[in-house]
Amino acid sequence: MAADRVRVRIAPSPTGDPHVGTAYVALFNYAFAKHHGGDFVLRIEDTDRARSSRASEEAILRSLRWLGLRWDEGPDVGGPCGPYRQSERAAIYREHAELLLERGHAYRCFCSAERLERLRERQRAAKTPPGYDGQCRELSADEVAVQLAAGAAHTVRLKMPRTGEAVFDDQLRGTIRMPFAHSDDQVLLKSDGLPTYHLANVVDDHLMAISHVVRAEEWIPSVPKHLRLYEAFGWQPPRMVHLPLLRNNDKNKSKISKRRNPVSLDYYREAGILPQAMLNFLALMGWSFGGDQEKFTLEQMIERFDLAPGSVGLGGPVFDLEKLSWLNGLYLRDLSDEQLVDQLIAWRLNRDYFLRLAPLVRERIRRFDEFVPLTEFFFSGDLELGAVGQQLVPKKRSARDTAAVVDALTDELDGVRDWLPEALEPVLRACCERLQWTSREVFMIVRIAVSGRAASPPLFDTMVAVGRDLCRRRLRQAALWLRAQPHTEPAVAAAPGPKG
RNA sequence: GGCCCCAUAGUCUAGUGGUUAGGACGUCGGCCUCUCACGCCGAUAACCCGGGUUCAAGUCCCGGUGGGGUCACCA
C-alpha cells in the first residue's frame, strides 16, 4: 500500500439504530476518499460486548448501502487489512497491550469497579476533577506478580505523561494544544480482555494504513491519549480532521439526539426520504457546493470535496427537517409518473402491506369507502393532535407527568428491536408496573399518540403496522405536544373553568 | 467546574481587508390558477459584545459573552 494513498474509515459502533450522524461522517469520509482516488474502509467497533449486537451491525450496513455509500473494505466484503470487526481482532489488541506493558508505557490496574465508583463519588463531593488516581501506576513487579498469580481481574491502563502538552494540527481547525495532565490513565484493555475504543482505534488505524482520521468533534478531547499511544508504539499518527456535530433544532442547539429529533436512518427511509436527497442534505451541513447551487449528486460532490482548511464550516449545523423535506420534494419531482408510482408502491401502497392491515380493519369497515379514512394514519407522517390530544392526559393526571411517562415509554421502546405484538405488550405492561400507571391509562396514551385517535384497531398490532420508527417519532411528538400545553393542575385540567 | 471547539437572518450557508453583506429553507405578499400544491416574482430578517491592528474589519489579533463537546472497564 503506497504510503501517501488516501485511506479513510468510518467506524460505527453497532449499539443501536443506524444513526444519521454516522451517515454524515460516512458521507464526508467517502467523498474525501473518492475525490483523492483513495479507499473508504468500514470497520465495526463492537468491543462493547454488552451493547453491541449483530442486528444493529446489519442495520447500519443496510442503511449505508441504502444511501449508496460503498466501502472498499469492510466486514462483509473483506479486504487486505481484515478482519474488519474489532471483536475478531482481540488477539491483536492483546499483543499490542503487551508491547506497551513491556516498554513501560502501560501498567496493570487491579482496582475494582467498586473502588473506582467510590473514587468518583469522593471526587464529585470534593469538587476535584474526576479521573483515575493512579493507585496501580507504581505497583512493583512483585506486587503485580502476586496479583497475577492469584488470578486477579485487571485492566491495562495507559501511562499518561504528567507534564507537557499534546499538540496536533487539525486539518480544518489548525493547531490544537491540550495539557497531557488533563487526561487520566485511560483503560486500554478491559477486564474482559477486549480493548476500549482508544486502543482499538489507534491500533487499527495504524494497521489499516488510515491516512486521515475524519470523525466528529466530540473526539477532540481524546486526541492526547491517541497521540500518546502512537508515540508509545513508535508510529506516525494519521492526519486528524474533526467535523462539526449535527445539532438539534432546540434553543441551545445541543448535539443531535433521539429525544429531540429523529436520528435513525430507518425513520427517514420510512418517511419517504430518498437516499440521494438525504445525502445531498447532509452534504449541505457545513459544506457548500459553490456558486448558489444546492442540489447536486454524490458524483458532483466528490468532484469538488476535499476537506481543505476552511472548506467545511465548523459551527454545528442544525438538522432541519423542513429543509430536508423541501429538498426531497425537488428529487421527487424529478421522477416520472411511473417512477413515482413505483416508489409509492415499494413504500407502503402494496399488497403485502394491505394484507397486514386487512385483519385490523375487516370487522371495522362496512364499505370499501370506509377503508381509507379508517387507515389514514398508517400512511401519514406526523399527526395533528388537536382535540384528541386533550385525551392524552388521563383523568387526575397532569400533562407534565403524562409527558414524562411518554418519554419513559419511548426510551423503553427504543430498546425493542423485534417490533412484534408479543414483544411490545410485555414491555408496555412492565412500564405500567414500574411507573404505577394503569394499563388503561398507558395504553390510551400510546393509542392516541400512535394513531391520533381514541379508537383504533388493537394497539399492539396497530403499532407493528405503523412501524417501529414512526411509532417512536409520534410518541416523541406527543411528549412535545404535551409539554407545549399550558401548565394546569390535574383537578383544574378536568374542569372547564376560565383560563388563568 | 477543568480542558477543548465554535460564533453571518429563526434555520442551512456564501464571503478570505474596501460588497447596496449574496443564495437557500421558513414566514409574509403577489402572479399563475376552479382550489391546493408546484413554478415564478417580491418582501421580511444577520455579521454576539468590547478593545486593538489598519486609511479601511463580517474578514486579522486580544479579551469578554454565549452555545456546544468532553472529563466510563461506552463508543
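Protein chains get the first letters and strands the later ones, always in sequence-line order, with residue 1 at the start of each.
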So which protein nitrogen or oxygen atoms get under 3.5 Å of nucleotides 3-13 of chain B's nitrogens or oxygens?
residue : atom : partner : partner atom : Å
C5(B)   : O3'  : R173(A) : NH1          : 3.4
C5(B)   : O2'  : R173(A) : NH1          : 2.2
C5(B)   : O2'  : E217(A) : OE1          : 3.2
U11(B)  : OP1  : K253(A) : NZ           : 3.2
C12(B)  : OP1  : V318(A) : N            : 2.9
C12(B)  : O2'  : L284(A) : O            : 3.0
C12(B)  : O2   : K323(A) : NZ           : 3.4
U13(B)  : OP1  : G286(A) : N            : 2.4

Ion pair R259(A)/D411(A), N-O distance below 4.0 Å:
yes
Can you figure out which of G69(B), A24(B), C71(B) approaches the side chain of K255(A) most closely?
G69(B)
Toward the 5' end of RNA chain B, by each residue's nearest nucleotide, F110(A) or V312(A)
V312(A)
Is any side-chain N of the basic residue among D205(A) and R215(A) closer than 4.0 Å to the acidic one's carboxylate O?
no
T47(A) vs A75(B): side-chain N/O to OP1/OP2 distance below 4.0 Å
yes
When both distances are under 3.5 Å in a Watson-Crick or G-U wobble arrangement, the nucleotide paired with C3(B) is G69(B)
R122(A): what forms a salt bridge (charged side-chain N to carboxylate O under 4.0 Å, His left out) with it, not counting sequence neighbours?
none
Check whether any side-chain N or O of R157(A) sits under 4.0 Å from OP1 or OP2 of C73(B), and answer yes or no.
yes
Given that both distances must come in under 3.5 Å, which nucleotide forms a Watson-Crick or G-U wobble pair with C60(B)?
G52(B)
Ionic contact status for D72(A) with K34(A), cut-off 4.0 Å:
yes
Restricting to side chain to side chain contact (heavy atoms under 4.5 Å, CB included), what partner residues turn up for P262(A), sequence neighbours left out?
Y267(A), Y268(A), L321(A), R473(A)
Tell me which nucleotide among G69(B), C73(B), G23(B) gets nearest to the side chain of K190(A).
C73(B)
Is R137(A) salt-bridged to E143(A), cutoff N-O under 4.0 Å?
no
